[in-house]
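Sequence lines set the chain letters: A, B, ... in the order given, protein chains first and strands last, and positions in each chain run from 1. Below, each value reflects all heavy atoms present in this structure, side chains not excepted, and no hydrogens, waters or symmetry copies.
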Amino acid sequence: MAETKIVAVTNCPAGIAHTYMVAEAIEEKAKSLGYEVHVETQGASGIENKLTPDQIAAANYVILALGKGMTDEDKQRFNGKKVVELPVSEALKEVDTLFDDIDDKAKVFTASKVKLGSEQDAVTDGVMSYLMAGVSAALPFVIGGGLLIAIGSMMVQFGMPNTALAKGVTPSLAWVITSIGNLGFQFMIPIMGAYIAFAIGDKPAFAPAFLVTYLANDTDLLGTQSGAGFLGAIVVGLSIGYFVKYFKKVKLGKNFQSILGFMIIPFVTLLVFGLLTYYLLGPFMGWIMSILLVFLKNIPTSMKLVGGFLVGCMLAFDMGGPINKTAWFFSFSLLSSGVYNWYGIVGVVTLLPPMAAAIATWIKPSLFSKQERAASWSAFIVGMTVATEPAIPYALAAPLPMIAANTLAGGITGAITIMLNVERMAPGIGIFDPLIGLEKPWYWFYLCVAIGLFLNVFFIITFKSAWLKRREKKEQAKLAQVENH
Amino acid sequence: MAMFEISHMNMTLTGTTQDEILKDLAHLAKSLDLVTDEAELVNDYHEREKESTTGFGNGVAIPHAKSNNVKTATILFGRSQAAIEWDSLDGKPVNTFISLLVPADAGDVHLKLLASLSRKLVHKDFVEILKTGDQQAVLNAINEAIS
């Protein structure tokens, strides 16, 4: 079995003693157990041995021994990892037993990207964090695969032949590229299932979940009409994950304990869940999935409008937070079943909040602070290519009008987008997606973006003006009151 | 000036409480002209102890301070005749003290040396010398740790 890998961060109030004592203690202890270990010290002389993204990615566990806390920004890098957080003095005391049952002590940490006031709690663990672990593993499959499919279909559009492989026929390049791309979509589901299970039950859960999810999604093997799709990945991933998590606690005695993790668990789990899925879960989930897909395909126009509006609102509401993630997850998951128009909404709506905020600062600078105006270009560029997060500072400065404007504009744009049937095959580079064939048709896409931006900017200016006026009045009333007294 | 030399050691601290020991150490620091104000150092020590105990077990404590009051990064070493209640991690009283003093704007070199000394403190053989070695042995061990 591959060795256990640990990363840790230590800090303390003065940054001269405990930071380093605990770092040394963790290193010594981990090495004595044969673990690979990297410890970042955040002491008085700054950060040393800064953990690299690779080290964090490879680590099984993260230990945070903190004496002066850690900012959310700093903690963000441990998103999705199993984290043990404890006071630095506790760490010194408990270092000898720290690694016993570490799996029970560790909690999967999920960074909440947006905090709107104090109302929103970070999703620190729980089912959603496992699902996101699966999604983040599946993403590169869809991105890579989606781009290849886009290239393939562009080649055909430019008049190149699209000849499939057959007896005595040499397939054309466009077909080969498309076929390779299709693998990405085919494997995103088992990868998703495998990593959901992995997030819960660790390594022994990975292989059985991968194979069983593949089985659940394979219509040829199951003989069903529809594969279980993302539903299969969720159900299989979660159930195998928890099954393995408790299976691991079985005590087999010294002689067999060592083969539990890499032999007995994968074997038994695969057998049990494989058969269960083949005879029961697979057909059942395939049936549900086919109903869902038929429903989504034949959804009446009015319902579609409502659905598009709802998804659009959710996407724009918390800019990368849990509500956004839920809507995103739904739209994204349908990709594997060849349903691209819900993800089209994501492609359009997630561009809006940061770009609209930036444009609003240019049109009506008086409504915004100096910092907000200064950040507008970066918000605009990052917003149009990568992420919705740059809209967050604008929303935090004036939550009510900004979020209302974003949500309303997002909802209307979502409804328009789905009516025009804009399809997006995979995540790409935002506003440039149509140029690389990921989002189509390009004319409807840009029309939707234009309408969305117009509405969003308009709402921001209207709402924020009104909000500022009301606040001013309140201030004045307060002042008047003070003067009267 | 060296960060640690024989004059920085007091093998027979007379204090019998945490407060008295911290005052003894502050007095030693003042007599060596390492701090501007003696009472302020005592305060800084206490502030740090309030955050969490510096008694890390095995009868050893590492009271430390970082402030503008400190003139130069230094190490002090002391042993007390009495066993001192220190609210240690292992609950045991303390008789060995290694104190780190750092100016607020300490240079990187000094901080790195103190960091490597702190790292040494989790090694049993090093702690053993601090606890039981004679003055010369302790001097050598600490100077080796920061060389």
Worksheet item: Taking B:L89, B:L114, B:L117 one by one, which has the highest count of heavy-atom pairs under 4.5 Å against chain A?
Response: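 Most pairs with chain A among the choices: B:L89.
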Discussion item. I'd like to know whether B:I62 forms a side chain to side chain contact (heavy atoms under 4.5 Å, CB included) with A:M21, so could you lay out the CA-CA distance, the side-chain angles of the two residues, the decisive distance to 0.1 Å, and finally the verdict.
Written reply: CA-CA 11 Å; B:I62 178 169; A:M21 292 169 71; 4.3 Å; yes
Discussion item. Any side-chain to backbone donor/acceptor pair from B:S118 onto A:H18? Under 3.5 Å, distance only.
Written reply: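 Not a single qualifying donor-acceptor pair exists.
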Discussion item. Once rounded to the nearest 0.5 Å, what's the spacing between atom CG of B:L121 and atom CD of A:E24?
Written reply: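 Result: 10.0 Å between the selected atoms.
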Item to complete: Could you tell me the separation between the CG atom of B:L111 and the OH atom of A:Y20, rounded to the nearest 0.5 Å?
Response: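 So the CG of B:L111 and the OH of A:Y20 are separated by 7.0 Å.
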Discussion item. I'd like to know if B:E51 pairs up with A:K68 as an ion pair, taking the criterion as any Lys NZ or Arg NE/NH1/NH2 lying under 4.0 Å from an Asp or Glu carboxylate oxygen.
Written reply: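 Answer for the salt bridge query: no.
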Discussion item. Between B:T53 and chain A, with a heavy-atom cut-off of 4.5 Å, which part of the residue counts as in contact: side chain, backbone, both or neither?
Written reply: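 Only the backbone of B:T53 comes within 4.5 Å of chain A.
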Heavy atoms from other residues, nucleotides or ligands near [atom1] of [X] exceed 12 (cutoff 6.0 Å):
{"X": "B:Q135", "atom1": "CD", "result": "yes"}
{"X": "B:M11", "atom1": "CE", "result": "yes"}
{"X": "B:D134", "atom1": "CG", "result": "yes"}

Fill in: Contacting moiety of A:T41, where chain B heavy atoms sit under 4.5 Å
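Side chain only.
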Item to complete: Examine whether an atom of A:E27 lies under 4.5 Å from a heavy atom of chain B, and if so say whether it belongs to the side chain, the backbone or both; otherwise answer neither.
Response: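 Side chain only.
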Worksheet item: Mind checking whether A:K29 and B:V122 have side chains closer than 4.5 Å, heavy atoms only?
Response: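 Sidechains of B:V122 and A:K29: no contact.
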Practice prompt. Could you tell me whether the side chain of B:H123 reaches within less than 4.5 Å of the side chain of A:E28, counting heavy atoms only?
Written response: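 A side-chain contact exists here, since the closest heavy-atom pair is under 4.5 Å.
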Discussion item. If we check side chain to side chain contact (heavy atoms under 4.5 Å, CB included) with A:I16, which of these qualifies: B:H64, B:R48, B:H110?
Written reply: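 It is B:H64, the one option of B:H64, B:R48, B:H110 that forms the side chain to side chain contact (heavy atoms under 4.5 Å, CB included) with A:I16.
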Worksheet entry | Partner chain B: residue of A:A14, A:A25, A:A17 with the largest heavy-atom pair count (under 4.5 Å) |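 Among A:A14, A:A25, A:A17, the one with the most close pairs to chain B is A:A17.
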